[in-house]
2 protein chains.
Amino acid sequence: MNDKDRRSMPLFGIGIVMKLTELTARQIRYYEENDLIHPERTKGNQRLFSFNDVDRLLEIKNYLDKGLNLAGIKLLLTDEDSNVEKTEEKEKALPKEKKSVLTDKELRAILRQEITEANRFGKANLRQGELARFFVNR
Amino acid sequence: MNDKDRRSMPLFGIGIVMKLTELTARQIRYYEENDLIHPERTKGNQRLFSFNDVDRLLEIKNYLDKGLNLAGIKLLLTDEDSNVEKTEEKEKALPKEKKSVLTDKELRAILRQEITEANRFGKANLRQGELARFFVNR
DNA sequence: ACCGGATGTTAGGAAACTTAACATATACCA
DNA sequence: TGGTATATGTTAAGTTTCCTAACATCCGGT
């Protein structure tokens with residue numbers, strides 16, 4: 001089993017994730033509803049989160065603090081560390097007509113720029129992989 | 001927060017621990033009943049296990065496979081990585097009259113010897129800190 | 001002034017967990 | 001051989017945690 005597997009292994013119940021991220025259950029579920037995270041489920045349909053999921057939630061929280069909305073964050077969070085099936089869902093969520101002016105790529109670039117900007121003033125923020133850094137010796 | 005804290009942080013419900021250790025809930029609870037582990041509890045009294053707890057359970061399982069009984073394992077598992085209050089409980093569990101022939105130290109040495117012996121024939125076994133090695137980059 | 005996005009709150013039900021009691025298998029010992 | 005202790009299984013009844021769905025609220029932008 002490699003590192004990637006370990007980090008995507010479903011381990012945590014929502015209660016623990018609430019404490020780790022300081023998000024409410026409502027928030028966590030809402031982010032899932034908006035395809036920002038995709039935790040596993042137990043046989044009985046209860047959410048089970050991986051390290052990656054928790055990291056991702058911390059990122060989301062971080063970006064929200066900076067004033068981004070979920071749509072922007074969704075674009076920003078690339079799929080490299082998520083389990084989402086590539087383009088399919090994304091196309092559904094953002095039909096062509098709505099984003100005709102900018103391509104995905106362009107928008108993403110702009111957003112990244114904004115965040116970089118914001119970072120200059122931002123408080124001491126959590127960064128990507130914070131949870132991992134929390135638990136993993138490096 | 002240091003490594004020790006991380007490893008003793010209560011994170012896992014019993015369901016996940018069952019999968020991670022391949023022990024039944026009954027077994028896990030029985031080991032707790034016998035003071036081999038001391039998981040935290042939620043407000044609502046449900047068990048929450050740390051990395052250390054899970055590691056310890058894997059050790060217990062390992063020793064059981066080698067034919068040791070819980071009393072022996074309890075002696076063997078030193079307190080360095082547990083949360084037990086030092087001598088107190090131990091004295092209660094093994095009153096002087098019962099172990100008059102051997103001191104704790106001697107018994108522990110003998111047991112260690114036995115385990116070392118057993119190891120020569122043992123199958124590929126989990127070792128101490130296995131779970132940590134599982135999740136932590138080293 | 002309204003609307004949509006994000007979150008809070010509540011209700012009803014299902015899943016997961018709790019302790020306690022009793023059952024079973026196995027090993028050891030008189 | 002029967003008795004006893006250890007380790008684990010099984011079951012029951014109760015509690016906690018989580019689920020979805022609906023509706024409420026707050027707030028920033030138009």
Side-chain angles (χ1 to χ4, degrees), chain A residues 10-49 53-54 57 59-77 93-95 98-99 111 114 118, chain B residues 10-49 53-54 57 59-77 93-95 97-99 111 114:
Chain A
L11 291 174
F12 309 111
I14 199 172
I16 297 148
V17 173
M18 288 173 64
K19 282 178 196 152
L20 288 174
T21 62
E22 294 182 282
L23 293 167
T24 65
R26 182 66 169 93
Q27 287 176 297
I28 296 170
R29 294 187 188 121
Y30 186 64
Y31 304 155
E32 181 186 16
E33 203 176 309
N34 284 267
D35 286 322
L36 289 167
I37 49 170
H38 305 84
E40 297 282 320
R41 298 285 182 131
T42 65
K43 283 182 190 172
N45 198 38
Q46 303 200 183
R47 272 164 269 251
L48 272 188
F49 299 79
D53 290 325
V54 180
L57 285 171
E59 289 186 78
I60 293 168
K61 191 182 179 186
N62 193 355
Y63 286 136
L64 282 173
D65 282 347
K66 289 180 179 144
L68 292 192
N69 64 12
L70 290 193
I73 296 171
K74 183 173 174 181
L75 282 177
L76 210 57
L77 293 181
L94 287 176
K98 286 270 187 175
K99 52 154 186 167
L111 286 169
E114 284 179 25
Chain B
L11 291 174
F12 310 111
I14 199 171
I16 297 148
V17 173
M18 287 173 62
K19 283 178 195 152
L20 289 174
T21 61
E22 294 181 281
L23 293 167
T24 65
R26 182 68 167 91
Q27 287 176 298
I28 295 170
R29 294 187 188 120
Y30 187 63
Y31 303 156
E32 182 186 17
E33 203 176 309
N34 284 267
D35 286 322
L36 289 166
I37 50 170
H38 305 83
E40 297 282 320
R41 300 286 182 130
T42 66
K43 282 182 190 172
N45 199 36
Q46 303 202 352
R47 270 165 270 251
L48 272 188
F49 299 79
D53 291 325
V54 181
L57 285 171
E59 289 186 77
I60 293 167
K61 191 182 181 186
N62 193 355
Y63 286 136
L64 281 173
D65 282 348
K66 289 179 180 146
L68 293 191
N69 63 13
L70 291 194
I73 296 171
K74 185 173 174 180
L75 282 178
L76 209 58
L77 293 182
L94 286 177
E97 310 79 39
K98 285 268 189 177
K99 51 151 189 169
L111 286 170
E114 286 177 25

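As a basis for the values below, the full set of heavy atoms in this structure was taken, side chains included, without hydrogen atoms, waters or symmetry mates. The sequence lines fix the lettering, A, B, ..., with proteins before strands; numbering per chain opens at 1.
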### Task
Identify the two heavy atoms, one from B:Ile28 and one from B:Met18, that lie closest to each other, and give their separation to 0.1 Å.
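What the structure gives for the nearest pair is CD1-CG, 4.0 Å.
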### Summary
Residues passing the side-chain hydrogen bond (donor to acceptor under 3.5 Å, both in side chains) test with B:Glu32, sequence neighbours excluded, are B:Arg41, B:Arg47
### Task
Walking along DNA chain D from 5' to 3', note the first and the last nucleotide with an atom under 4.0 Å from a heavy atom of chain B, and give both.
D:dT6 to D:dT17
Pairs under 3.5 angstrom, nitrogen or oxygen only, protein versus nucleotides 13-16 of chain C, please.
unit_1	atom_1	unit_2	atom_2	d
C:dA16	OP1	A:Thr42	OG1	2.9
C:dA16	OP1	A:Gly44	N	3.4

### Message
If the condition is side chain to side chain contact (heavy atoms under 4.5 Å, CB included), which residues does A:Gln46 pass it with, not counting sequence neighbours?
### Response
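By the side chain to side chain contact (heavy atoms under 4.5 Å, CB included) rule, A:Gln46 matches A:Thr42.
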### Query
So, does A:Glu22 use its side chain to make a donor-acceptor pair with the main chain of A:Lys19 at under 3.5 Å?
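No, the answer is negative, given that no donor and acceptor are paired below the 3.5 Å cut-off.
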### Task
Indicate yes or no for a side-chain donor-acceptor contact from A:Lys61 to the backbone of A:Thr21 under 3.5 Å, with no hydrogens or angles considered.
yes
### Rounded distance (nearest 0.5 Å) linking atom CD1 of B:Ile60 with atom CG of B:Asn34
9.5 Å
### Query
How long is the span from the CG atom in B:Leu64 to the CG atom in B:Leu57, to the nearest 0.5 Å?
10.5 Å
Show the distances under 3.5 angstrom between N or O atoms of the protein and N or O atoms of nucleotides 3-7 of chain C.
unit_1	atom_1	unit_2	atom_2	d
C:dA6	OP1	A:Leu70	N	2.7
C:dA6	OP2	A:Tyr30	OH	3.4
C:dT7	OP1	A:Gln27	NE2	3.0
C:dT7	OP1	A:Tyr31	OH	3.0
C:dT7	OP2	A:Tyr31	OH	3.0
C:dT7	O4	A:Arg26	NH2	3.0

Do [X] and [Y] touch side chain to side chain, with heavy atoms closer than 4.5 Å?
X	Y	value
A:Leu23	A:Tyr31	yes
A:Tyr63	A:Leu76	yes
A:Pro39	A:Asp53	yes
B:Leu36	B:Tyr30	no

### Task
Note the angle between the end axes of the helix from C:dG4-D:dC27 to C:dA30-D:dT1, five pairs defining each, rounded to 10 degrees.
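The value is 20°.
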### Task
Run through A:Ile37, A:Val17, A:Ile16 and flag the one making a side chain to side chain contact (heavy atoms under 4.5 Å, CB included) with A:Val54.
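For A:Val54, the side chain to side chain contact (heavy atoms under 4.5 Å, CB included) check succeeds only for A:Val17.
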### Query
At under 4.0 Å between heavy atoms, what does B:Arg47 touch on the DNA or RNA strands: base, sugar-phosphate, or nothing?
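Here B:Arg47 touches the backbone only, sparing every base.
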